[in-house]
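Below you'll find the structure, written out as structure tokens, and then a few comments.
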Amino acid sequence: MHPAARLALRSGLRSVGTTAQLSRFQPSTLPRVVVRFSSTGGNPQYEFIQVTEPRPGVGQITLNRPKALNALSTPLITELNLALSSFQSSPTTSCILLTGSEKAFAAGADIKEMAPLTFSSAYTNSFIESWSNLTTALKKPLIAAVSGHALGGGCELALMADILYCTKTANFGQPEIKLGTIPGAGGSQRLTRAVGKAKAMELILTGKSFSGEEAEKWGVAARSYGSYEELMEQALKTAEVIAGYSKVAVQAAKEVVNKSQDLGLRDGVEFERRVFHALFGSEDQKIGMKAFAEKKKAEWKHQ
Ligand code: CAA
């Protein structure tokens with residue numbers, strides 16, 4: 001089965017047609033999701049995202065729903081999950097870059113899709129739960145490059161990335177309160193961890209935006225840049241640097257840092273030490289340390 005189809009099934013897609021077409025069973029309030037795969041088993045033909053490989057080892061996903069400022073509809077999220085799954089299983093991809101346009105990373109979950117939802121349909125169909133695949137199924141590093149609006153679900157999507165870069169003028173925020181609701185894709189948890197309770201409460205209760213410059217100052221973003229071009233160039237550079245290391249070590253590094261978000265310090269340090277010990281069993285640890293001693297460039301085997 002196409003790896004993307006496998007993840008799609010896990011994230012709620014019920015059937016894979018014999019004509020290599022995925023269709024999702026959904027209640028009538030949600031738009032129908034159809035992602036076609038080429039008859040040769042190649043890349044799916046996406047409607048709401050673009051998928052490229054701009055540098056060696058780097059897979060790029062560009063959200064591409066310009067008329068709705070990249071609002072994150074269910075079909076878009078399904079495509080995003082498919083593309084991420086595809087990169088996750090690709091032997092040539094080591095690091096993934098997620099971006100939008102200069103004007104909008106994403107203006108949030110699709111309000112027009114959500115407006116008619118009822119409690120029972122949202123609850124029983126686990127609305128928005130498949131967004132969690134972004135963080136649970138993905139073992140390779142994900143960099144978000146944010147320019148323009150990153151609001152509501154767009155802010156939450158950016159916060160799910162392992163590294164967040166943005167322009168200084170990027171427009172972050174959790175404005176759900178203005179719509180009579182609250183963040184639903186982890187904003188109250190991840191933003192609070194990033195900026196602390198006082199700031200998160202102010203932002204979520206008022207719906208006020210914050211700039212990319214503030215995002216960097218508060219530790220939400222790793223770096224902010226003066227222009228969109230600089231943002232994209234630096235994000236690609238970082239992705240290429242990461243893609244140049246041992247995949248085994250990179251995956252382990254991501255895993256241990258993420259554990260710090262879930263475990264207390266003592267358990268976290270213990271977990272890190274166990275993974276550190278385990279890496280003495282990898283070929284790449286021997287290759288890396290031998291290359292250092294011999295003043296040579298390490299040629300990773302990714303084993
Ligand atoms: N959902 C659906 N459509 C959206 C959208 C969204 N989140 N954001 C923008 N759009 C659409 C607009 O409806 C408009 O479409 P039409 O041309 O068909 O009317 C188009 O995108 C362009 O938008 P604007 O004309 O509003 O553009 P603007 O430059 O004047 O304003 C904006 C930009 C400030 C981002 C404004 O569009 C806006 O406030 N968007 C909504 C932001 C928001 O509230 N996001 C949170 C959503 S709830 C959520 O995300 C829940 C969660 O936690 C998962």
Side-chain angles (χ1 to χ4, degrees), residues 11-12 26-27 29-33 47-49 62-81 84 98-119 121-136 142 144-161 164 166-195 199-215 220 228:
S11 68
Q26 296 179 107
T29 47
L30 293 179
R32 191 174 143 72
V33 178
E47 191 179 346
F48 303 113
I49 60 173
T62 307
L63 304 177
N64 185 33
R65 210 188 153 203
K67 285 188 184 149
L69 301 179
N70 293 335
L72 303 164
S73 60
T74 298
L76 186 152
I77 291 292
T78 300
E79 289 190 4
L80 180 56
N81 276 330
L84 287 170
L98 174 64
T99 192
S101 66
E102 182 171 1
K103 190 171 176 193
F105 176 72
D110 191 316
I111 298 169
K112 294 163 193 171
E113 176 187 329
M114 288 186 294
L117 280 187
T118 61
F119 163 73
S121 72
Y123 185 60
T124 57
N125 293 296
S126 303
F127 178 65
I128 239 165
E129 199 175 303
S130 67
W131 291 37
S132 299
N133 290 338
L134 299 168
T135 47
T136 51
L142 179 70
V146 175
S147 173
H149 303 294
L151 298 171
C155 184
E156 291 168 307
L157 181 59
L159 288 165
M160 287 180 205
L164 200 170
C166 59
T167 56
K168 291 193 187 301
T169 54
N171 179 34
F172 291 92
Q174 299 290 162
E176 290 88 347
I177 201 81
K178 298 179 189 171
L179 300 168
T181 187
I182 63 168
S188 66
Q189 307 302 301
R190 292 197 179 90
L191 187 63
T192 305
R193 277 171 169 73
V195 303
K199 268 199 171 56
M201 275 291 187
E202 185 196 39
L203 291 166
I204 290 169
L205 291 178
T206 63
K208 270 190 193 164
S209 291
F210 58 100
S211 69
E213 203 164 5
E214 285 171 313
V220 174
Y228 175 66

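Order of appearance sets the numbers: ligands from 1, and atoms from 1 within every ligand.
- Not a single heavy atom of K103 lies less than 4.0 angstrom from ligand 1.
- Close N/O approach between A109 and ligand 1 is found [any backbone or side-chain N/O within under 3.5 Å].
- Ranking protein heavy atoms by distance to atom 27 (O) of ligand 1, first place goes to L69 CD1, 3.8 Å.
- Every residue meeting the salt bridge (charged side-chain N to carboxylate O under 4.0 Å, His left out) condition with R65, not counting sequence neighbours, appears here in chain and number order: D110.
- Inclusion of P175 in the set of residues having an N or O under 3.5 Å from an N or O of ligand 1 is not warranted.
- An N or O contact shorter than 3.5 Å is missing between M114 and ligand 1 by distance.
- Residue nearest to atom 32 (C) of ligand 1, selected from Q174, H149, E176: H149 (by heavy-atom distance).
- Every atom of ligand 1 is numbered from 1 in the order shown, and the set under 4.0 Å from a heavy atom of E156 is 52 (C), 53 (O), 54 (C).
- Nearest to atom 45 (N) of ligand 1 among the protein's heavy atoms is A107 O, 2.9 Å.
- Within ligand 1, counting atoms from 1 as listed, the ones closer than 4.0 Å to a heavy atom of P183 are 53 (O).
- With sequence neighbours left out, K178 forms a side chain to side chain contact (heavy atoms under 4.5 Å, CB included) with P175.
- Of all protein heavy atoms, the one lying nearest to atom 1 (N) of ligand 1 is I111 N, 2.9 Å.
- Distances below 4.0 Å separate heavy atoms of L179 from the following atoms of ligand 1: 44 (O), 47 (C), 48 (S).
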